[in-house]
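Read through the structure below, which is laid out as structure tokens, and then see the notes.
To find a chain, count down the sequence lines: A is the first, B the second, and so on, and within it residues start at 1.
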Amino acid sequence: MSDFLQMGLTGLSLGLMYALIAIGLTLIFGVMRIIQYAHGEMFMLGAFALYYWHAELGLPYWAGVAFSAGLIFCLGAVLQVVLFKPLQGKNILYSLAVSLGLVLIISGSGQLLFGTTTKGIPSAVSGGMLIGGAYLSYERIVISAVSIGLIIALWAFLRHSVTGFAIRAVAEDPQTAALQGIRTDRIHWIAFGIGSAMAAIAGCMMGTLLSIVPTMGFLATIKAFMIVIMGGLGSVIGALVGGLILGMIDSVITTTISGDIAIILSFVVIFLILVFRPSGLFGQNWD
Amino acid sequence: MHELEARGLQMKFGGVTAIAGLDLTVEEGEIRGLIGPNGAGKTTFFNACSGRYPVTAGEIRYRGQKISGMKPHQIAAEGLVRTFQHVTLFKQFSVLKNVVAGNYLHSRHSYWGSLLRTRKTREAEAGSVARAREILDFVGLGALMDQQASTLAHGHQKMLGIAIALAAEPKMLLLDEPCAGMNSDESREMIHLVRRIRETGITIMLIEHDMKVVMGLCDRITVLNFGNEIADGTPEAVRANAQVREAYLGSQAHVA
Amino acid sequence: MRKTSPPLLMNRRRLLTTGAVALAAPALLPRSAFSQTHKTIKIGGAVPLSGPVAYWGHSTAQGFTDGAAVINAAGGVMINGEPHMLEVIDYDTKGEVADSRAATLRLVEQDKVKYVYSQAAASTVGMLQVTEPAGVLSIVACWGYLELFGKDYPLHFRAEMSDYEQGFAYLPFMQEKYGKDALKTAAFIGPNDQDGTDCHASYKRLMDYYGITQKSAEFYNWEDTDFYPIVAKTISDRPDFIVTSPSPPGITASIVKAARELGYTGPISSPAASETTTILEVAGEHADGVVLPVTNVSPSTDTQKAIEKRFMDRFGTFNALAGNYSWWIYSLKAAWEMAGTAEDTKAVAEALAQVQLDDTYVGHVKWGGEKSFGVARQGIYDCYTTTIDKGVAQVEDVRFPALPDDY
Amino acid sequence: MDKSDIIARPNRLVWGGLLALALVAPALVGFDLYMIHVGITISFNVALATSLWMIWSLGVISFAHAGFMGIGAYASALVLTKLGLSMWYGLWIGAAVSALFAMLIAVPLMRTRAVYFFMASWAVGEVIKRNFAYFKDFFGGWDGVFDIKPPVLDLGFLQIDFANRIAYYYLALFFVSLTVWIIYRMNASRTGTIWWAIHENELLAQHTGINVFRQKVVCFTIACTLVGVIGALYAHYQTYISPKSFDIWKSEFALVHLIVGGLTTVGGPVAGAISLTMVDEALRATGYFRTIFFGVVLIASVLLLPGGLETVPARIRKLFNRNSQK
């Protein structure tokens with residue numbers, strides 16, 4: 001019995017972590033329609049920002065998370081203004097090519113600046129508890145709590161706050177939004193900054209739980225895109241549900257059968273969703 | 001046997017009933033008007049006839065053959081071709097290439113032919129270009145052949161839409177608001193063109209809000225309101241019909 | 001109808017290609033075309049400097065760069081009384097076979113290099129397709145893929161021991177430490193690429209030799225972030241100990257942490273994780289019962305300390321693996337001087353097989369394996385084994401691997 | 001005809017010049033074997049980018065492109081290693097197998113549009129690659145397939161052993177020129193008009209009688225067959241293939257060559273593939289900075305040269321005219 005409980009708990013906490021990576025992408029890809037391939041690099045930079053803040057300088061952990069989120073928010077905003085703004089209105093493939101260039105630059109320079117040795121961030125919380133034979137570390141509880149908190153915060157922000165409403169308006173129809181007096185350029189870089197900051201926070205959480213290396217961004221990007229598609233473009237709840245589904249697939253299938261099957265299966269699920277229900281579980285159809 | 005016949009046609013989208021049981025017939029060589037206030041189901045009827053949206057219930061027959069289950073490209077092959085309310089063109093193509101593309105059904109096409117540029121393919125393509133030039137002269141866009149479609153004036157773009165439909169060599173043409181957004185002399189030009197199209201033997205059914213155009217052009221007019229037919233007859237009979245006035249002008253129908 | 005373009009206009013396509021060729025040509029020209037003051041021996045490196053295995057690529061390159069600088073400073077390599085300077089050129093292979101083949105082609109065909117080193121299975125497989133037919137001597141660190149390539153590779157030297165050879169040092173030590181009957185069954189965790197399958201092949205040969213039954217073998221994705229699922233599956237059928245290879249320190253730490261948190265108490269051995277700081281950092285209080293073969297984290301002899309100091313000054317980082325690779329260039333130097341030539345790679349290869357070194361980072365080094373490979377091309381050296389128990393890392397054992405006599 | 005046709009019309013001088021340059025290139029570089037290797041890599045990248053451009057004429061980009069190249073490669077490799085049939089059979093079997101799979105996958109795949117197609121094709125590419133990795137005994141798993149010998153052409157009076165790199169260069173050049181010629185010819189004809197009509201306005205194309213679904217499936221199948229053939233050539237040249245040779249990075253670089261080169265004419269992917277492969281090879285000597293520089297070149301060319309390399313001549317012509325008018 002404890003094996004199933006263990007699989008369930010692992011799947012749940014894994015799912016929440018994946019959702020945390022994906023909600024940032026929901027904002028950038030789902031809402032602003034930019035194929036941000038370098039989302040995983042923001043995740044990686046966030047983790048390293050916390051590493052140098054907390055592990056190297058020994059400054060407090062949670063302040064480190066806030067610092068890393070703020071730093072990557074600015075980076076995301078600058079990138080949007082410098083690289084993605086000139087591409088607005090152009091074919092979406094151009095934003096893909098630019099973000100691909102970003103991936104190469106950031107992961108390449110990451111290996112130079114941070115070195116190739118893997119690092120670890122000592123976590124703020126240690127120890128764990130046993131529930132019916134299954135082990136759940138406090139760390140995972142904290143991280144799951146942070147994930148849920150952030151997801152709800154983003155959902156509320158998009159639904160109820162003025163800027164959140166403006167972001168959704170700009171995503172829906174930039175021209176009409178501009179006519180309503182929304183400064184679309186400002187909204188673009190704010191949304192981009194928030195999305196990147198979310199990825200940075202996910203990086204901090206994952207960084208404490210596992211080891212960090214400059215090339216870890218790539219798989220995070222793949223997982224994030226899978227979740228956003230499964231959950232539905234632009235839907236925050238979709239990102240949460242998509243993350244949990246992927247977390248469960250990874251945990252259960254890897255533990256019972258094998259890791260390779262888990263990945264193949266999740267891609268087949270992605271393909272079927274896109275073919276038979278393009279708007280995903282909760283998203284609205286784009287065109 | 002009628003050119004176009006709708007029997008008990010119903011069109012529902014989710015809860016909304018766009019067309020609730022429509023019976024309508026169009027005879028060969030006729031210019032048929034289809035009018036009614038916004039949301040009456042006019043364009044939905046065209047979408048049903050052209051196969052763009054599936055028919056919820058009932059049947060549409062073209063020249064006796066049931067077309068309500070067919071795909072748009074199969075219906076076009078039967079000779080029933082439509083234009084679109086909003087300007088729909090191949091924007092990056094030149095005016096000439098737009099019409100050549102429209103001529104797909106009537107120019108032999110084979111992949112091997114394209115690859116090896118066989119004599120048959122070269123002739124078919126030359127024939128297609130010649131036919132396109134003819135149509136463009138017929139429609140009055142002969143001078144703009146090499147311009148890019150997106151650079152044309154609104155009126156000319158509407159004309160090009162009709163030229164593309166004509167390139168498919170239709171036997172019946174469904175014109176969706178041909179004069180929308182046109183000034184008076186452009187409308188007059190369009191009326192003249194529609195008449196000339198009818199003279200080539202093509203049956204025409206058109207949706208139009210400009211009453212001058214409808215009354216001047218149509219042999220018979222059908223009036224739709226909230227998905228039902230409320231009147232059918234000659235232009236004079238329809239103008240005199242109280243129900244039509246009420247549908248259009250709301251409850252103060254008695255205004256002179 | 002088409003406006004006639006002015007005749008002298010550069011045609012579109014030719015302008016494009018001539019422009020591109022002009023831009024790229026200088027960078028493609030062979031480097032040796034440049035200054036040529038005295039005789040030099042060029043050593044090429046087809047190593048992964050980016051991608052998931054860059055960690056090992058950099059350590060290997062550091063070994064050669066440092067060695068060449070030291071040897072050149074001491075007057076170079078004396079062949080028939082004539083000093084030869086060493087020049088090291090290394091190209092990145094991104095850890096891919098096709099890219100490594102391209103890099104080696106450039107080294108061998110353009111830079112006219114006669115000695116190439118590489119690291120990790122993918123780069124080595126790509127390099128070998130070029131060096132062996134071209135009569136170029138290659139020296140690599142790779143783990144047990146020789147079965148795939150068969151025996152007919154006389155110019156190919158594997159300087160680092162695979163899990164199989166290392167096993168004959170760390171398994172006897174583990175049996176002494178934990179008791180022979182406490183290690184009846186084993187399980188394997190490794191990456192899902194050539195390196196992983198190579199190490200698994202050596203691991204299997206070793207366990208068969210020692211008669212240890214093998215439980216599950218799990219393969220993770222290089223960029224995987226969470227090891228809970230894989231570790232949960234591995235420990236579900238209760239193996240006595242786990243071997244994870246080749247896993248860098250970070251991934252080893254994650255596996256150790258996950259195993260301890262999931263209640264597994266058996267020892268975990270990681271032959272390729274060569275430094276303990278990350279494991280202590282990441283695994284925290286869970287860092288217990290860890291065995292790191294071929295890892296000397298506390299250099300004791302003065303040569304070892306000198307090497308560590310030099311690497312820190314030159315590169316700013318140092319790990320036990322860089323130390324393990326640092327002796328390769330010195331064995332080549334001894335082979336050149338013994339064979340009296342740097343051109344005839346066959347003679348150098350025969351000489352290299354006899355080379356024995358003593359004061360290296362890994363103590364006594366010799367080449368062996370004639371019976372297995374037809375030529376003594378497997379580097380064998382003293383194995384320092386570091387263990388981590390209850391958060392304390394120490395070098396607990398040093399021994400020369402007791403290889404079977406038919407080896 | 002229209003704007004894209006004027007540029008696409010066979011400017012024989014340019015294409016002839018490029019082919020002549022390619023034929024003479026080995027002599028130009030003094031038969032430097034490494035440079036000939038770069039030439040062969042350029043040919044493969046040109047074929048990959050142009051066949052991807054063929055799919056782009058429908059208005060969509062397929063990220064399964066490297067996957068289908070893999071299918072062609074694995075089919076011809078396994079036919080050799082398991083059945084002993086040389087590349088001359090392997091090429092056609094590889095083409096047939098990737099055509100078959102392309103058709104099977106195109107039927108569901110073509111139900112999607114724009115970005116959904118893009119993501120669905122990415123999923124297809126991943127599933128193809130990981131199946132090569134998963135079925136260890138048949139496909140060789142992550143170890144891949146070893147010693148795929150290049151073929152020997154025996155014409156009785158003449159034996160050409162394609163292990164010789166210069167011979168392989170001309171073989172690759174022949175197949176690549178054939179691919180570009182096929183794609184160029186299809187595009188400049190009625191078929192091209194149909195596909196670009198679907199690209200411009202799918203709704204209007206369907207209502208003028210074009211069976212859009214069938215056209216999409218046919219175009220996708222032809223493109224994947226062509227890339228399958230190139231996959232077979234790639235396998236026999238590299239003599240070793242593994243799932244990692246056909247991962248997402250290969251599709252991404254093909255797309256990058258296409259975008260930097262230009263999206264409107266077949267000259268675009270050709271120019272993009274040639275220049276970027278040279279840049280990538282030239283940067284090899286920069287060691288660590290290689291990926292960084294390539295990223296910089298990529299971003300710079302997308303931002304500073306909208307429309308890609310193929311617009312360079314038009315820009316120069318404009319510059320040239322402006323100077324002459326002054």
Side-chain angles (χ1 to χ4, degrees), chain B residues 47 50-52 71-84 87-118 121-122 124-125 128-129 145-150 161 164-165 167-170 174, chain D residues 1-10 54 56-59 99 111 178-223 225-226 262-265 307:
Chain B
N47 287 336
S50 71
R52 185 175 176 189
K71 291 217 165 34
H73 65 270
Q74 290 161 324
I75 295 174
E78 293 299 323
L80 179 61
V81 177
R82 62 163 301 173
T83 62
F84 291 88
V87 169
T88 8
L89 303 170
F90 302 124
K91 291 196 182 61
Q92 301 294 328
F93 283 6
S94 70
V95 169
L96 182 64
K97 191 166 182 185
N98 264 274
V99 183
V100 165
N103 190 248
Y104 166 77
L105 283 172
H106 296 280
S107 111
R108 227 185 50 71
H109 161 250
S110 83
Y111 297 104
W112 282 112
S114 306
L115 183 61
L116 308 174
R117 291 205 73 67
T118 54
T121 310
R122 276 204 305 279
E125 283 181 8
S128 205
V129 169
M145 254 174 240
D146 290 327
Q147 275 204 348
Q148 203 181 27
S150 52
I164 294 172
E169 314 296 2
L174 303 175
Chain D
M1 295 289 265
D2 79 315
K3 183 171 75 62
S4 72
D5 256 9
I6 289 169
I7 296 176
R9 180 188 294 148
M54 190 180 196
W56 168 247
S57 64
L58 291 173
R111 286 168 54 98
L178 189 67
T179 311
V180 174
W181 178 75
I182 290 173
I183 293 171
Y184 170 74
R185 249 313 179 37
M186 295 290 256
N187 173 63
S189 70
R190 155 73 66 190
T191 320
T193 312
I194 295 169
W195 289 341
W196 280 94
I198 295 173
H199 180 139
E200 283 300 317
N201 189 327
E202 193 165 319
L203 181 69
L204 183 57
Q206 201 171 20
H207 282 79
T208 55
I210 296 174
N211 182 340
V212 168
F213 185 76
R214 199 170 63 83
Q215 291 295 342
K216 282 185 171 183
V217 170
V218 167
C219 175
F220 187 78
T221 308
I222 295 175
T225 314
L226 291 174
L263 290 163
T264 43
T265 69

### Task
List the steps and the verdict of side chain to side chain contact (heavy atoms under 4.5 Å, CB included) for Phe213(D) and Gln206(D).
CA-CA 9 Å; Phe213(D) 185 76; Gln206(D) 201 171 20; over 6 Å; no

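Classification of Lys97(B) and Glu200(D) as a salt-bridged pair fails, no side-chain N sitting under 4.0 Å from a carboxylate O.
Remark: Ile198(D) CD1 to Leu203(D) CG distance equals 12.5 Å, nearest 0.5 Å.
Looking at Ile194(D), the atoms closer than 4.5 Å to chain B (heavy atoms on both sides) all sit in the side chain, from C-beta outward. Both the backbone and the side chain of Tyr104(B) come within less than 4.5 Å of a heavy atom of chain D.
Note on Ser50(B), Ala165(B), Gly161(B): by heavy-atom pairs under 4.5 Å with chain D, the leading option is Ser50(B). Contacts with chain D were tallied for Leu89(B), Asn98(B), Ile164(B); Leu89(B) has the most, counting heavy-atom pairs under 4.5 Å. Between chain B and the residues Thr191(D), Ile222(D), Val212(D), the largest count of heavy-atom pairs under 4.5 Å involves Thr191(D). Here Ala101(B) is the residue among Ser110(B), Gly113(B), Gly51(B), Ala101(B) with the most heavy-atom pairs under 4.5 Å with chain D. For the options Lys91(B), Lys71(B), His109(B), heavy-atom pairs under 4.5 Å to chain D are most numerous at His109(B). Across Gln147(B), Arg52(B), His73(B), the residue that shares the most heavy-atom pairs under 4.5 angstrom with chain D is His73(B).
Ser107(B) places none of its side-chain heavy atoms less than 4.5 Å from the side chain of Glu125(B).
Judged by distance alone, the side chains of Trp195(D) and Asn187(D) never bring a donor and an acceptor atom under 3.5 Å apart. No donor-acceptor contact under 3.5 angstrom links the side chains of Asn201(D) and Thr88(B), judged on distance only.
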